[in-house]
Structures are given as structure tokens and as C-alpha cells.
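Comments concern the structure below.
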There are 2 protein chains.
Amino acid sequence: MQLKELSERTGVPPASIKFYLREGLLPPGQAVTATRARYSPQHASRLELIQALRRVVGLNIAQIRKLTRLADDGVPRLELLAAVQRTVLRLDEVGTEHGDIRTPAGDAVVRLRNWPDAPSDARNALNAHVTLMENLNIPVTAELLDAYSKALDAIADLDIAATTAPGDVNRLIMTAAVGMHLHSQLVLKLLALAQASHAIRRYKDA
Amino acid sequence: MQLKELSERTGVPPASIKFYLREGLLPPGQAVTATRARYSPQHASRLELIQALRRVVGLNIAQIRKLTRLADDGVPRLELLAAVQRTVLRLDEVGTEHGDIRTPAGDAVVRLRNWPDAPSDARNALNAHVTLMENLNIPVTAELLDAYSKALDAIADLDIAATTAPGDVNRLIMTAAVGMHLHSQLVLKLLALAQASHAIRRYKDA
DNA sequence: GTCATAGGATAGAGCTACTATCCAAGTGGT
DNA sequence: ACCACTTGGATAGTAGCTCTATCCTATGAC
């Protein structure tokens with residue numbers, strides 16, 4: 001398929017495809033001749049990935065480039081997953097760097113779930129986040145962490161299993177990034193429903 | 001205090017304060033004379049709210065204006081909370097409107113938690129979100145919803161209790177919006193840690 | 001009297017993500 | 001052979017958004 005067809009299939013305008021090519025998000029097609037290039041279904045899947053990371057997860061071009069570069073360089077899937085995590089957690093943005101920190105909350109989760117007690121970006125991010133919430137007087141109880149982490153334990157297992165399954169690398173990034181994002185949105189919506197429910201109950205007589 | 005001092009206290013440049021005044025995010029100060037205006041601590045707290053909604057929650061000026069207008073118009077706190085929810089859930093953005101829809105998952109949560117069975121924006125948003133996740137082959141199990149909603153039930157109770165407590169309206173919006181956002185981020189980070197933990201466990205011998 | 005500040009208006013900067021135009025070279029279909 | 005169409009590459013322009021800067025006149029504090 002050539003550029004125009006790729007555009008029609010994915011719904012992305014040709015000018016934008018060229019832009020992504022220039023920016024290095026989309027690898028160049030196979031040059032058949034000097035003025036013809038052939039694009040594969042992987043290009044289509046890459047375009048879908050770009051759209052999803054932009055519009056759903058809200059990443060910018062530079063962040064998407066980092067991830068797609070890794071995918072194109074063929075780094076191991078596990079390493080790729082770690083990069084996706086760092087990006088979605090916004091650990092690559094300024095003002096979010098912290099050394100290894102520990103909090104009772106972070107330790108508690110690891111113990112509760114019997115997770116390996118090893119430092120990681122994710123753990124530092126969690127500890128920093130819990131600290132932030134407590135500083136803002138938003139309580140993070142052990143019960144809360146227990147309930148959350150219990151639910152997430154099973155999900156993470158599936159996610160990691162998916163990294164070993166063969167398949168399109170674009171889909172791996174898509175699943176990981178979009179999955180993380182959608183789970184966090186799910187909580188947002190559940191919390192809203194919970195608040196609405198409590199409000200109804202508390203004020204129904206008013 | 002006058003404009004310059006307000007600027008110094010909050011760290012927001014005077015030009016930006018003028019901008020927020022123009023945009024109607026910040027109510028005008030009390031005009032002492034034709035060329036002097038006095039700003040109260042509420043103005044400072046409003047400025048902090050604006051900053052937090054912009055930089056932490058990621059709302060745009062129009063969204064912030066909607067919320068601050070309601071606050072300035074003195075709508076009931078419960079109504080204000082509902083508006084904050086709609087905004088943080090991005091229910092006011094195009095392409096997110098749906099009628100009343102029901103899913104087994106949404107019904108299950110309400111039944112599990114014994115929440116009132118009434119339609120609401122939050123419930124529709126939840127149902128739409130669950131549908132989306134299932135379409136993307138991301139399973140949303142009853143156990144997951146049980147664990148999440150159980151944890152959130154208690155939090156929501158506190159949140160709603162906070163709406164009746166007296167205090168600065170700016171703080172109410174701040175707490176609600178930032179609180180929702182931080183809870184969803186907490187899940188993001190926990191999921192990352194869970195994934196990292198499972199990855200270590202699964203690959204430690206490789 | 002002088003200097004700083006107010007409100008009001010208006011313009012422009014800086015960023016990001018496109019979008020449009022032009023080009024010369026080359027191709028596929030008839 | 002012809003010609004509409006496509007390619008990569010270059011370059012410039014647009015659109016949306018959030019500020020930021022400048023200029024203005026009136027006026028108040030000291």
C-alpha cells in the first residue's frame with residue numbers, strides 16, 4: 001500500500017503522515033523506486049498507536065517518539081514496557097525526579113502483596129505520590145492500598161503475560177499505555193459514582 | 001492587599017493576574033478608589049486553585065471559568081461538587097455525550113455496594129467506560145469492580161462529608177478536583193509497581 | 001510634586017501540532 | 001508518448017491556547 005491508501009485506511013490526512021515521518025514517529029516505507037514507497041499493515045498499526053497515545057493518553061510528539069524509537073530499535077519487550085510505564089507515569093518530565101525514597105505505605109503494599117522488595121521507578125513514584133497526598137491531607141489508608149493493590153495484582157499478571165506473547169510491538173505499547181490509562185480513568189469514574197451515591201443518600205431528604 | 005502584593009504572595013506574575021481577571025477566573029478586587037483595588041486572602045486562594053487546576057489536573061481556562069463562576073455565584077456546594085465531577089471526568093468535552101446506558105458491570109457495582117439505583121452522569125460515564133474497555137479487550141471483572149468500589153466507598157463518604165463542612169469554596173473545589181485526580185494517579189502508580197513486581201518475579205531467572 | 005499603581009486595551013510571544021503549498025523526479029495506465 | 005498522479009523533501013503558514021509585554025490615562029500615597 002502506498003501513502004495515499006495508508007491515509008485512507010487510517011483516516012489520518014497525508015500531510016499528517018508526512019509530518020509523522022519527518023518527526024520519526026513512523027518509520028519510512030520501503031522505497032520501491034525513487035518516487036514510490038510501500039507501507040505495510042505495521043505502518044497502519046503504528047499510526048493507530050500514535051493517534052491513541054496522542055488523543056487518549058495525551059502524550060506529546062517527543063514522548064511518542066521515544067517509545068516508537070525503542071520499538072523500532074527492537075529492544076526487549078520487558079524494557080519497552082518499562083519505558084511505557086515511565087512515560088505514562090510522566091516520570092520523564094521535569095520536577096518529577098526523586099531518589100530512592102521509602103514510605104510506610106509503599107513498604108506496606110509490597111509486604112501485603114508479597115511483591116519482591118526491590119527499588120524501582122514505579123515504587124519511588126508511588127512513594128512520592130503517597131507522600132504528596134498525605135501532605136495535602138488526603139488520607140491513604142492501609143485498607144485503601146490493600147483493596148487497590150489486590151485488584152491490580154491480577155491485572156498486572158495478565159499485562160506481563162501479554163508482554164511475552166508474540167505479536168505486533170505496536171499493540172504491546174498500545175495495550176500497556178492505554179490499559180494503564182483506562183484503569184486510572186475507571187477509578188476516576190467509580191469515585192465519581194461513589195460520591196454521587198453518597199450525596200444522594202445523605203441529601204435525599206433535603 | 002493590592003495587585004502587586006497578591007502577585008508576590010502567590011508567585012503569579014501581575015500580567016497573568018490581569019489575564020485571569022479579564023478572563024473572569026478571578027473576581028475583581030474591591031475598588032477602593034478609581035485606581036486602587038483591594039484583594040482579599042480569598043483572591044490568593046483562588047489563584048492557588050487556578051494554578052492547581054491548570055498544572056495538576058490539566059484543565060483549560062474555559063473549564064476553570066465554569067467552575068469558578070459557579071463558586072462566585074454561590075451555588076450550593078453539592079451542585080458545585082457535581083460540576084467539578086463533570087469537569088474532571090471530561091464530561092463536558094465533545095464526543096463524550098451518551099444517553100442513559102446500562103451495563104451489567106455498572107448494575108453490579110451499584111448492587112454490590114448497595115448504592116441507590118438512580119441514573120446519573122457518573123453512572124453513565126462509568127458504563128460507557130466499561131463498555132469501551134471491554135471493546136478493547138481489557139477485562140473488567142466483578143472482582144475488580146468490587147475491590148475498587150469497596151475502597152472508594154469510604155473515600156467518597158469523606159468527600160461528601162467535606163462538602164457540608166464550612167470553609168473556603170475554593171478549597172472545596174481544590175479538594176474535590178485534586179483529590180479525584182490524585183486517586184486516579186495513585187492507581188496508575190500502583191499498577192506500574194504491580195507490573196514491575198510481576199515482571200521481576202517472572203523474569204528474575206532470565 | 002513625584003513616583004508607583006490601578007484598570008483598560010491591544011498586541012505579540014512561545015509553544016505545539018498540525019496543514020498547506022511547492023517542487024523536481026519519476027511512474028502507471030492508455 | 002502522454003499526462004494525471006504520486007513520491008520524498010523543503011518550507012512556510014495556521015490554529016489554538018496561555019500567557020506576557022507595552023502603552024495609556026487617571027489618581028492616590030507620601
Side-chain angles (χ1 to χ4, degrees), chain A residues 1-40 43 46-68 87 90 92-95, chain B residues 1-40 43 46-68 87 90 92-95:
Chain A
M1 129 181 67
Q2 49 190 47
L3 198 146
K4 201 175 189 190
E5 192 187 342
L6 181 63
S7 160
E8 280 158 2
R9 277 206 202 177
T10 58
V12 181
S16 302
I17 295 180
K18 282 183 161 195
F19 172 70
Y20 295 141
L21 283 166
R22 271 201 306 283
E23 293 289 326
L25 308 194
L26 189 63
Q30 196 190 357
V32 177
T33 73
T35 61
R36 283 300 130 114
R38 186 148 49 218
Y39 298 93
S40 66
H43 284 94
R46 171 62 58 87
L47 271 177
E48 279 159 25
L49 173 64
I50 293 170
Q51 300 285 320
L53 294 181
R54 281 280 310 123
R55 303 192 190 291
V56 181
V57 188
L59 302 185
N60 64 29
I61 300 293
Q63 292 171 320
I64 298 174
R65 178 165 39 224
K66 264 188 202 160
L67 296 180
T68 53
T87 307
R90 303 297 205 271
D92 50 351
E93 289 173 12
V94 289
Chain B
M1 118 185 74
Q2 49 191 46
L3 198 146
K4 202 177 190 191
E5 192 188 341
L6 182 63
S7 160
E8 280 157 5
R9 277 206 202 177
T10 57
V12 181
S16 302
I17 295 180
K18 282 184 161 194
F19 172 70
Y20 294 141
L21 284 166
R22 270 201 308 285
E23 292 290 326
L25 309 195
L26 188 64
Q30 197 190 355
V32 176
T33 73
T35 63
R36 287 295 130 118
R38 186 146 51 218
Y39 298 94
S40 66
H43 284 94
R46 172 61 60 86
L47 272 176
E48 280 158 25
L49 173 64
I50 294 171
Q51 300 286 320
L53 293 182
R54 284 274 316 120
R55 305 195 189 289
V56 181
V57 188
L59 302 185
N60 63 31
I61 300 292
Q63 291 170 321
I64 298 174
R65 177 165 39 222
K66 263 188 202 162
L67 295 180
T68 53
T87 307
R90 304 295 206 274
D92 51 349
E93 290 174 12
V94 288

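Predicted model, so just to flag it, every value in this text is computed and none were measured. Labels below follow one simple rule: chain letters A, B, ... track the order of the sequence lines, proteins then strands, and each chain is numbered from 1.
To the nearest angstrom, P of D:dG9 lies 13 Å from CG of A:L26. As rounded to whole Å, 14 Å separates atom P of C:dA20 from atom CD1 of A:I17. When rounded to the nearest whole Å, the span between CG of B:L59 and P of D:dT18 equals 10 Å. Computed from coordinates, the A:F19 CZ to C:dC18 P distance equals 6 Å when rounded to whole Å. Here the P atom of nucleotide C:dT19 and the CD1 atom of A:I61 are 11 Å apart, to the nearest Å.
Checking C:dG26, C:dT5, D:dC19 against the side-chain heavy atoms of A:A34 singles out C:dG26 as nearest. Across C:dA6, C:dA20, C:dT16, the shortest atom-to-atom separation from the side chain of B:A37 is found for C:dA6. Looking at the side chain of A:T33, the nearest of the listed nucleotides C:dT5, D:dT18, C:dT27 is C:dT27. With C:dC18, C:dG7, D:dC19 as the candidates, the nucleotide lying closest to the side chain of A:S16 is C:dC18. Here D:dA29 is the nucleotide among C:dC18, D:dA29, D:dT6 with the atom lying nearest to any side-chain atom of B:R36.
Nucleic acid contact for B:K18: base, since at least one base atom lies under 4.0 Å from a heavy atom of the residue. Residue B:P28 is classed as having no contact, given no heavy-atom separation below 4.0 Å to the nucleic acid. Across all strands, A:E23 comes closer than 4.0 Å to no nucleic acid atom at all (heavy-atom distances). Here A:L3 lies in heavy-atom contact (under 4.0 Å) with sugar-phosphate atoms only. At the heavy-atom level, B:R22 lies under 4.0 Å from base atoms of the strands shown.
Pairing each heavy atom of B:R54 with each of B:I64, the nearest pair is CG-CD1, 3.5 Å.
In this structure, B:E8 CD and B:L3 CG are separated by 10.0 Å, a value rounded to the nearest 0.5 Å.
Within the 4.0 Å cut-off from OP1 or OP2 of C:dT19, not a single side-chain nitrogen or oxygen of A:Y20 is found. A sub-4.0 Å separation between OP1 or OP2 of C:dC18 and a side-chain N or O of A:R55 is present. Between A:T35 and C:dA25 there is no side-chain N or O to OP1 or OP2 distance below 4.0 Å. At the phosphate of D:dC19, OP1 or OP2 sits under 4.0 Å from a side-chain N or O atom of B:R54. In terms of phosphate contacts, A:Y39 brings a side-chain nitrogen or oxygen within less than 4.0 Å of OP1 or OP2 of D:dG8.
Remark: side-chain polar atoms of A:R36 are not paired, donor with acceptor, to backbone N or O of A:A31 under 3.5 angstrom. Using a distance-only test at 3.5 Å, with no hydrogens or angles considered, no donor-acceptor pair links the side chain of A:Q51 to the main chain of A:E48. Between the side chain of A:R38 and the main chain of A:V32, no donor-acceptor pair closer than 3.5 Å is present.
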